[in-house]
S.K.: 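What follows is a structure written as structure tokens; I'll ask about it next.
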Amino acid sequence: MDLQTWISDKLYDILGMSEKHTVFYIEEISKKAKSPEEILEKLTDYEFPNDQKTLCFAEDLFAKLSPKETIISSYQASHQEAIEKRQRNEAYELVENEIDPETDKRERDELHDRIKKRVRSKKDKKQKHLEMTEEERRETVQQMKRLSRWKYLEQREPRQIDLFKRQLEDEERIFKDQELTEREIKEHELNKKIFEIALEKAKKHEEVMSYRLPDAYDEDKANPQQRFKVLYDRYVEAKPEATEQELWEQKQTNRAIFRYGAKDRAQQKNYELLLENQVNFVKENLKKIKSESSGSESDRQIEEEGPPIQKERKGLPIFEYRDELLAAIRDHNVLIVVGETGSGKTTQIPQYLHEVGYTKYGKIACTQPRRVAAMSVAARVSYELGVKLGHEVGYSIRFEDKTSEKTIIKYLTDGMLLREFMVDPELNSYSVVMIDEAHERTLHTDILFGLIKDLARARSNLKVLISSATMDVEKMSSYFDDAPVFVIPGRRFEVENYYTKAPEADYLEAAVITTLQIHVSQPPGDVLVFLTGQDEIEQAQEMLLTRTRGLGTKIGEMIILPIYATLPSDMQARIFEPTPEGARKVVLATNIAETSLTIDGIIYVIDCGLCKQSSYNPRTGMESLIVTPISKASARQRAGRAGRVAPGKCFRLYTLWSYEHELEENPIPEIQRTNLGNVVLILKSLGIENLVKFDFMDPPASETLIRALEELYALAALNDEGELTKLGRRMAEFPIDPMMSKCIMQAHKYGCVNEVITICSMLSVGNSIFYRPKDRALHADNIRMGFARPGGDHLTLLNVYNQWEESDGSSNWCKEMFIQYRSIQKASDIREQLLELCERVEVEVNEDPCSDCNLIIKSFCSGYFFNTARLHATGLYKTVKNQHSVHVHPSSVLFKDLPRWVIYHELVLTTKEFMRQIIEVNPQWLLELAPHYFKAEDLEDDSFKKLPKNRHK
DNA sequence: GAGCACTGC
């Protein structure tokens, strides 16, 4: 096709007409033009619309007309730039960090001195540790972490450089006699240059040792501003930014880039790199246009700072109902507020109440089921009120209390309010208590319901608000003595639901196919796929990758991102990165995306209709995690994830009939699926005598309550009358399972509290300490066995923690040892908290390490004697209490050398009934520590002696 | 020789 015809076709395509003189004119101007932009400018002068289509046209035209030399030279220039950039980057990477002289050096030296002063000897350190205030302690930990990273980087740097040097030498030796292509030679030279730069940089480093730490995404307590920025950004409600028009434009843009790349493929041989460059060019160009427009928008926002906050507040759906709502609160002591997400209830109601003066009589408490929610909402409200977070508006969560005497609006996790009940059972410092997200029915919310209901009857000056997102509030209303219901409409987009025609045999396969279908046939918008667990997510990821690999660039780019709770945080953060132009994000998620985190830009949801749910069997004391169908409420919640920014679609991988007939209306509340040991202890300490008569909204199974009471009795936390003993009262202070707090109390007698607390903290974070990636499973196992201690898993955990502490809490040590940094860090936080509580209940913490491991094991016997199992002649373990057959979990260090008597930390049902975390015990100890529970004949060992060795293997 | 949904104190 000749140029003129081509232009003429384009003209017709864009303007709907084609005149010969225009064609000529265009050809002329574009020959002179030096860039596509210049052509574009001329074209718009000539009444072309200034849009994507014209831009593409201009670019195509420029590519067609410019003499190849020009393009190549411009390519070379930009290539040169790219090379330089790469050199810089790689050199940086090699040396790890940028130099920021002087200040960093000084800071670093100061830090060194300060820490040296604080940490003289190990013993001194412990002593100091206890003397320090919370803030100092945190600061020290933080500083030590930074130092340890510096230390690591220092050591790493020469190693890296050395490695690179040897690599270069190898290359030179191996390829000495071979003929190299031009590119290979260039590559080699480039590498040499990078090496030189790195060396040079390293030299500078010796002069000025300094590093800049990367900004952490989360859990960075040293840098609260960064942290709150993330929180704040996350909380600000998503506005319907992408209009239909914009979506359409975006789609057109994608096509344009796409077509462009595809068309030039014919020339690929000659201009392999040229092509790449051109495509980038288009993308960059687009970005520029985009960023310009968004830039001016944000400028405008900055100009109007101040008033817009109030304006924004008035724009929320709840604003219209402000006066009616306040009147309703005035007239009723208990009010149920129904409002969907986006109505603004969480942030606005406490502010309204403050505005009309409720805070004169006491604080306003607002509970959230999750820590992040409490923090981010508090950050938002303090911003709206223009006060500093922690002053008038604050939050209180475990490990972190950001409130002061000034605080009048306090956001806190529901568990925290429950703890406050223990200090002040009448909550006298509060004038309003708002239980938010009540529909989630967490364990703590359910208990608060019972306590608050009672309290509302007793305290006439207390206002209680129960806020929920469900429309089914009749039950709630009748529970709270027929409290009135106030409904606030929500603001979200329509989501269309699609069901399968017939039940799917393999939902994973179906999910993958649906994803691909959406990807090729639906307009832009990210996809969120709900699956049940990590394993499935990894499988789906694999399947999607293999199936798209063959298609190459025939379909648009698909970015597959997994998300689940145990995924390392840097990988988790990736899902919040914006989707690049022309690509589609596919997020494979567990339930975590249902409530805990929201991802913007999701237009399509695929819902497999299942989730993993834990349940507790009080008879055997066994927990199990089983894949179960979700409830209708959950299905709606999942679908709602598609309608946050624009109208969306939800593809349900089950039939409409199943939805209507097979799914439960609501999920089973947590209180009916869990061990209630700790809860019963709390309620007892609040003076509730008859738990069976406690006013639960959905009472737990009586067996569960009875088992919990029995356990507490056997632990001597309750007396014969079922009253709390002195021991029990002290145990209730600890936010851990009563069996565990009993161990701590016992350890007090043996003088090994320090060790026992460490173990309890490690046990509390669950079995997520050891990281075991599939591809390096064997390696990880070997390292884990390196930590093994003969006593069993508890002592192994103690060993892990101590070694971690030796490494100054280094995260690099964790990486090398296949330990999950996040988990062990959390264990350390828990440990700190438990140590603090020990002081409060006057439990002495030993300063010197306890040398007798048996004392540590005996402490655990006194708490966990119910969980005794004996190896029988059959080679199987049976629990002593009800002769239930159980197995040692293969992850245990005792797996290869089964002892006769063990106590286990927990029983889990997966493929078999496994005991997780076991220690070897002497049956004599059990008799000694729990004489009321065991009889001598229970613990006789006769059958075993006749056994030939290794029979059980 | 195996498997860890998600929270929270």
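Just so it is clear: chains get the letters A, B, ... in the order the sequence lines come, proteins before strands, and each one is counted from 1.
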S.K.: Ring centroid separation for A:F818 and A:H779, is it under 6.0 angstrom?
M.R.: yes
S.K.: Is any side-chain N or O of A:R371 closer than 4.0 Å to OP1 or OP2 of B:dC9?
M.R.: yes
S.K.: Return the nearest nucleotide to the side chain of A:Q534; candidates are B:dT7, B:dA2, B:dC4.
M.R.: B:dC4
S.K.: Would you classify A:T590 as touching base, sugar-phosphate or nothing, given that sugar-phosphate means primed atoms plus P, OP1 and OP2, and contacts are heavy atoms under 4.0 Å?
M.R.: sugar-phosphate
S.K.: Identify which nucleotide among B:dA5, B:dC9, B:dA2 has an atom closest to any side-chain atom of A:K612, counting heavy atoms from C-beta outward.
M.R.: B:dA5
S.K.: Under the side chain to side chain donor-acceptor pair (under 3.5 Å) rule, what pairs show up with a residue in residues 736-745 of chain A, not counting sequence neighbours?
M.R.: none
S.K.: Do any side-chain nitrogens or oxygens of A:T413 fall under 4.0 Å of OP1 or OP2 in B:dC9?
M.R.: yes
S.K.: Provide, to the nearest angstrom, the distance between the CD1 atom belonging to A:I830 and the C1' atom belonging to B:dT7.
M.R.: 13 Å
S.K.: Can you confirm whether the side chains of A:S631 and A:S634 place a donor and an acceptor under 3.5 Å from each other?
M.R.: yes
S.K.: Say you draw a straight line from CD1 of A:I682 to CG of A:L451; how long is it, rounded to the nearest 0.5 Å?
M.R.: 9.5 Å
S.K.: Got a sec, which pairs hit salt bridge (Lys or Arg N to Asp or Glu O under 4.0 Å) with one end in residues 527-536 of chain A, sequence neighbours left out?
M.R.: A:D535-A:K774
S.K.: Just call it for A:L625: base, sugar-phosphate, or nothing, with non-hydrogen atoms closer than 4.0 Å on any strand.
M.R.: base
S.K.: Quick one: the side chain of A:D535 and the base of B:dA5, do they pair up donor-acceptor inside 3.5 Å?
M.R.: no
S.K.: So for A:S614 and B:dA5, does any side-chain atom that can act as donor or acceptor lie under 3.5 Å from a complementary atom in the base?
M.R.: yes
S.K.: Picking from B:dG1, B:dC6, B:dC9, which would you name as closest to the side chain of A:R398?
M.R.: B:dC9
S.K.: Check the distance between B:dC4's C1' and A:L763's CG and give it to me in whole angstrom.
M.R.: 15 Å
S.K.: What contact category does A:Q613 fall into here, base, sugar-phosphate, or nothing, at under 4.0 angstrom with non-hydrogen atoms?
M.R.: nothing
S.K.: Taking CG from A:L686 and C1' from B:dC9, how many angstroms apart are they, rounded to a whole number?
M.R.: 14 Å
S.K.: Check every atom of B:dC9, B:dC4, B:dG8 against the side chain of A:M416 and return the nucleotide holding the closest atom.
M.R.: B:dC9
S.K.: For the pair made of CG in A:L417 and C1' in B:dG8, what is the distance, rounded to whole Å?
M.R.: 13 Å
S.K.: Does atom CD of A:E542 have more than 12 heavy-atom neighbours, drawn from other residues, nucleotides or ligands, at distances under 6.0 Å?
M.R.: no
S.K.: Can you measure A:I668 atom CD1 to B:dC6 atom P for me and round it to whole angstrom units?
M.R.: 19 Å
S.K.: At 4.0 Å (heavy atoms only), tell me whether A:R370 reaches a base, stays on the sugar-phosphate, or touches nothing.
M.R.: sugar-phosphate
S.K.: Roughly how many Å is it from CZ in A:R916 to C1' in B:dG1, rounded to a whole number?
M.R.: 15 Å
S.K.: Provide, to the nearest angstrom, the distance between the OH atom belonging to A:Y771 and the P atom belonging to B:dA2.
M.R.: 22 Å
S.K.: Report which part of the nucleic acid A:F734 touches: base, sugar-phosphate, or nothing (heavy-atom distance under 4.0 Å, all strands).
M.R.: nothing
S.K.: For A:D737, report the nucleic acid contact type (base, sugar-phosphate, nothing); a contact means any heavy atom under 4.0 Å.
M.R.: nothing
S.K.: Tell me: CD of A:E670 to C1' of B:dG8, nearest whole Å?
M.R.: 8 Å
